[in-house]
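First the structure, in the form of structure tokens, and then the observations on it.
So you know, we letter chains A, B, ... as the sequences are listed, proteins then strands, and number each from 1.
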Amino acid sequence: MMQAPEKAPLTTVAADPIILRVQDVYKHFPIAGFGGLAVRAVDGVDLEIRRGEALGLVGESGCGKSTLARLITALLPVTRGKIIFEGQEITKMRGGRLRRMRRKMQMIFQDPFASLDPRMTVGDIIQEPLDNYGIGSGKARQRRVQELLRLVGLNPNFTNRYPHEFSGGQRQRIGIARALAVNPSFIVCDEAVSALDVSIQAQIINLLQDLQREFNLTYLFIAHDLAVVRHLSDRIAVMYLGKIVETAGRNDIYDHPQHPYTRALLSSIPVPDPVVERTRAPILLKGEIPSPVNPPSGCRFHTRCPIARVPGICSEQEPPLEPHGQRDQLAACHFAGEK
Amino acid sequence: MALAAPALEQAVDWEVAEQQIGLWQDAWHRFRRNRLAVLGAGLVLFLILVAFLSPLLVHFHLIWNPGTQDVANIEVGPAQAGHPLGSDELGRDTLSRLMFGSRISLSVGILVQGIILPIGMAIGLAAGYFGGRIDNLLMRFTDIWYAFPDLIFVLVLVSVFGPSLLTIFGAIALVNWVGLARLVRGQVLAIKEKEYIEAARSSGSAPLKLILKHLLPNALGPIIVTVVFGIPSAIFLEAVLSFLGVGIQPPTPTWGQMVFDGYEAIYANPSAVVLPALAIGFTLLSFSFIGDGLRDALDPRMKR
Amino acid sequence: MAQTLLQVEDLHTQFFTSRGVVRAVDGVSLHIDVGETLGVVGESGCGKTITALSILRLVPDPGKIVSGRILFRGNDVVKMDDDEIRDFRGNDVAMIFQDPMTSLNPVTRIGSQIEEAMTAHKRFTPEQAKSRVIELLTRVRVPSAETRAKDYPHQFSGGMRQRAMIAMGLANEPSLLIADEPTTALDVTVQAQIIQLMKQLNRELGTAMMLITHNMALVASLCQRVVVMYAGRVVEEGPVEQIFKSPQHPYTWSLLRSVPRVDEARKDRLVSIKGLPPDLSNPPPGCKFHPRCPFVIDRCRVEEPPLGEVGPDQVARCWVLMRNVSEGDVATAKQSSISVAAAENLKAPVADIGTKSGS
């Protein structure tokens with residue numbers, strides 16, 4: 001039987017259709033010994049994630065996407081701003097309340113070799129969240145761990161093995177099983193496939209898609225690989241130097257990019273097709289990403305932007321994230337849509 | 001749901017390549033392959049045996065009582081007048097004094113680590129885990145402590161509180177915990193940044209559980225190694241104290257004191273100096289070998 | 001007719017470990033023509049990097065080239081003595097690595113390092129070398145080359161370091177440049193700059209290039225010919241257009257369909273290759289790919305296929321070949337893989353787990 005290529009329509013939930021709101025969030029890491037100076041990793045981000053969707057967040061290294069993931073999962077405190085998850089402001093939570101909230105929000109990490117405690121057995125690792133929330137009796141927990149292993153395609157009898165006995169792809173499945181243990185509604189995947197070999201990457205991508213459909217999960221999928229993000233997401237947000245520069249549906253962002261950075265990013269990714277590749281010319285950006293300690297004035301992208309008016313509005317005034325282009329598309333550019 | 005059931009088995013990863021062995025077992029296998037470490041461990045075991053059995057041997061008159069003065073045979077060489085390794089300037093049997101000396105050396109080495117471990121761990125863990133102001137405070141305190149010259153510090157303590165066994169143990173421990181505290185802090189800082197700690201936090205683990213279940217077990221390897229390396233340095237410090245005459249007081253035999261006593265007559269009766277010096281040397285080496293072996297065995301980077 | 005620059009014939013490189021002999025490169029033959037760009041693709045552990053290191057005779061211990069010939073302009077690299085091999089590495093080939101930071105000396109200025117590369121092989125006098133440094137840095141598009149030459153590696157960004165590495169690689173005008181995952185560690189926009197640079201250099205200088213990568217898109221963008229490796233063997237080889245249009249080996253086919261394309265809307269599941277690459281100290285009998293192959297037939301399990309001609313200039317090592325696989329089998333290979341039963345059992349609200357008796 002063939003499955004439908006697109007995700008099955010979602011069962012409508014009476015609750016708030018927005019599961020997570022990020023409102024004007026900042027995260028500055030002060031640099032010790034340089035009074036006042038700080039790495040402005042996340043510098044004023046607004047973002048909404050809808051229940052049941054997969055939102056892709058892309059950007060190059062240093063753009064702040066991993067920091068944003070850690071703010072959303074409350075692994076790091078925000079410097080300023082609000083994050084509201086299922087109607088509750090998690091940026092104000094501490095201690096036990098925060099721990100209880102976390103049950104609905106789990107994370108899958110980038111490095112399958114660093115994200116599993118090497119001194120714990122696989123069974124203990126997957127069971128840990130169940131223990132933490134006191135879910136079920138001992139027997140039921142063990143049974144659930146085995147079901148989880150089977151779900152992610154691993155032998156359920158592996159519970160007393162150690163992580164080092166597994167390959168990268170298998171370890172990533174263990175990480176996924178752990179994230180699913182407490183039936184979360186929202187999962188943050190931080191570069192969850194980028195450390196894996198291509199064939200293994202496909203296994204994990206397919207698994208993540210199947211799980212989303214099966215359990216009605218909401219994903220925040222963070223990656224630097226736009227091709228993977230486009231494949232997995234319904235909507236995509238592009239981040240540059242601590243700010244969101246564009247958000248749009250996964251096809252709109254490719255077909256009608258409004259921000260010049262998005263356009264450059266898309267054109268930079270080679271396509272596995274030599275015939276198409278011959279006709280594609282990447283928009284080459286000047287230089288590399290400026291330091292987030294001292295981001296450029298006005299629009300942060302103006303130093304590398306091929307269409308910037310400098311000196312002029314681009315170097316003087318910061319463009320707001322506003323509707324441009326297609327329905328449901330936002331871009332932060334004074335000359336959105338221009339080439 | 002339109003999930004294709006028949007395709008299930010084909011994508012399932014039922015196999016893992018390697019056999020199931022625990023990490024500690026794995027470390028033990030690696031330790032056993034290191035010949036010097038095994039030799040060191042053998043020597044230390046032998047020493048422990050000697051320390052426990054020597055009173056028994058005296059009881060059955062198999063060796064001399066270390067306090068007995070055989071005035072007829074002062075400073076005799078090895079294998080003379082019933083002294084297998086000779087006797088000292090008071091006619092006491094060198095072999096039995098060496099054997100009894102091991103009791104002091106071993107207990108200094110091991111008990112001192114027993115005092116250091118909780119102090120160093122508590123300070124290091126607190127500094128590393130809580131960070132910020134607590135870290136700053138604890139580490140500056142540690143630095144100041146570290147800045148005192150060890151020997152003078154011990155000498156002061158011993159002269160104030162008198163040279164009892166307890167003071168000496170305490171004094172040696174007090175100058176040695178700094179290294180361990182720094183190591184534990186470093187370990188905790190490094191491990192705290194690991195993704196598995198974040199993973200544990202995001203799956204709802206409380207701070208105490210994080211420390212006990214994730215931080216400590218992963219920091220344990222280097223801690224064990226440091227503690228083992230700490231044993232010879234404590235033994236050495238005690239020997240130095242005894243040599244200086246402020247260590248364990250006579251007539252309790254210790255190796256350092258034997259060197260001190262024998263050294264005035266070093267030309268007439270060299271064995272009274274050489275033998276305890278050798279005993280110190282071999283004990284130090286043995287513990288160092290064990291430490292080296294453990295470091296290699298417990299280092300996660302050595303994992304095949 | 002193009003002239004052959006490098007010809008590798010039946011190369012076997014093995015690692016002698018305590019757990020047995022690992023056949024990292026197991027009978028690889030390939031060739032690179034003058035000025036050509038050859039892509040060598042495969043997953044990690046398929047032997048592509050060891051093949052490159054064998055060509056340079058830089059196989060790390062406990063590895064050894066056991067048999068085979070590596071002919072560079074007709075001279076066998078395997079038989080060269082120490083002087084000859086040093087000369088070969090300095091003047092004829094250069095290699096650039098994934099992480100430029102590990103191959104640059106952190107305490108020496110970039111300019112001096114490039115200079116050293118030139119004077120060490122006596123190809124240029126110190127004076128010539130000095131002026132060439134600026135020329136090379138300009139050639140790899142390092143802005144204000146004159147001042148940047150005086151910088152230390154840590155003052156360079158990742159992309160700039162890779163440019164410096166390429167400049168160093170080109171210093172002695174080699175006729176072959178081996179690039180091992182040269183852009184993997186870089187960001188996409190920087191990767192695009194480096195790809196563009198390599199294309200231009202290939203055109204301007206006519207340097208032949210062997211590009212080692214797992215990234216099929218990179219091969220499509222840069223190479224004329226491609227060699228696909230699996231478990232230490234070449235499983236398919238041919239012109240890039242042909243391989244991408246009609247791959248005949250199931251492994252090549254899977255690799256191409258396991259990566260999503262940024263320029264296409266999602267319409268299909270990705271093809272995932274089940275299981276893991278084989279343990280090269282104990283490879284499976286028959287075709288090395290058969291335990292993971294979705295189109296396996298009985299013959300694959302017992303007899304290893306030879307590298308057979310499947311099209312003009314295209315060879316593949318397979319008994320089945322993709323053109324003989326039916327649509328239905330292809331569809332099956334793309335199907336969902338999660339356990340329905342396990343999913344159903346796990347869907348119960350977590351609070352009820354304790355009371356539920358399970359499956």
Neighbour count above 12 (heavy atom, 6.0 Å) for B:Arg140 CZ:
yes

A:Ala74, part contacting chain B, at a heavy-atom distance under 4.5 Å:
backbone

In terms of heavy-atom contacts, does NZ of B:Lys192 have more than 12 from other residues, nucleotides or ligands at under 6.0 Å?
yes

Taking side chain as everything from C-beta outward and backbone as N, CA, C, O, which of these in A:Met105 sits under 4.5 Å from a heavy atom of chain B? Side chain, backbone, both or neither.
backbone

Around atom OH of B:Tyr146, are there more than 12 heavy atoms of other residues, nucleotides or ligands at under 6.0 Å?
no

Which portion of A:Arg100 sits near chain B, non-hydrogen atoms under 4.5 angstrom
neither

What do you reckon, is OH of B:Tyr129 surrounded by more than 12 foreign heavy atoms closer than 6.0 Å?
yes

Please classify the contact of A:Phe109 with chain B as side chain, backbone, both or neither, using a heavy-atom distance under 4.5 Å.
both

Atom CZ of B:Phe153 with >12 non-hydrogen neighbours under 6.0 angstrom
yes

Which portion of A:Leu75 sits near chain B, non-hydrogen atoms under 4.5 angstrom:
both

Inter-chain contacts: residues 196-214 of chain B against chain A, heavy atoms under 4.5 Å
B:Tyr196, B:Glu198, B:Ala199, B:Ala200, B:Arg201, B:Ser202, B:Ser203, B:Gly204, B:Ser205, B:Ala206, B:Pro207, B:Lys209, B:Lys213, B:His214

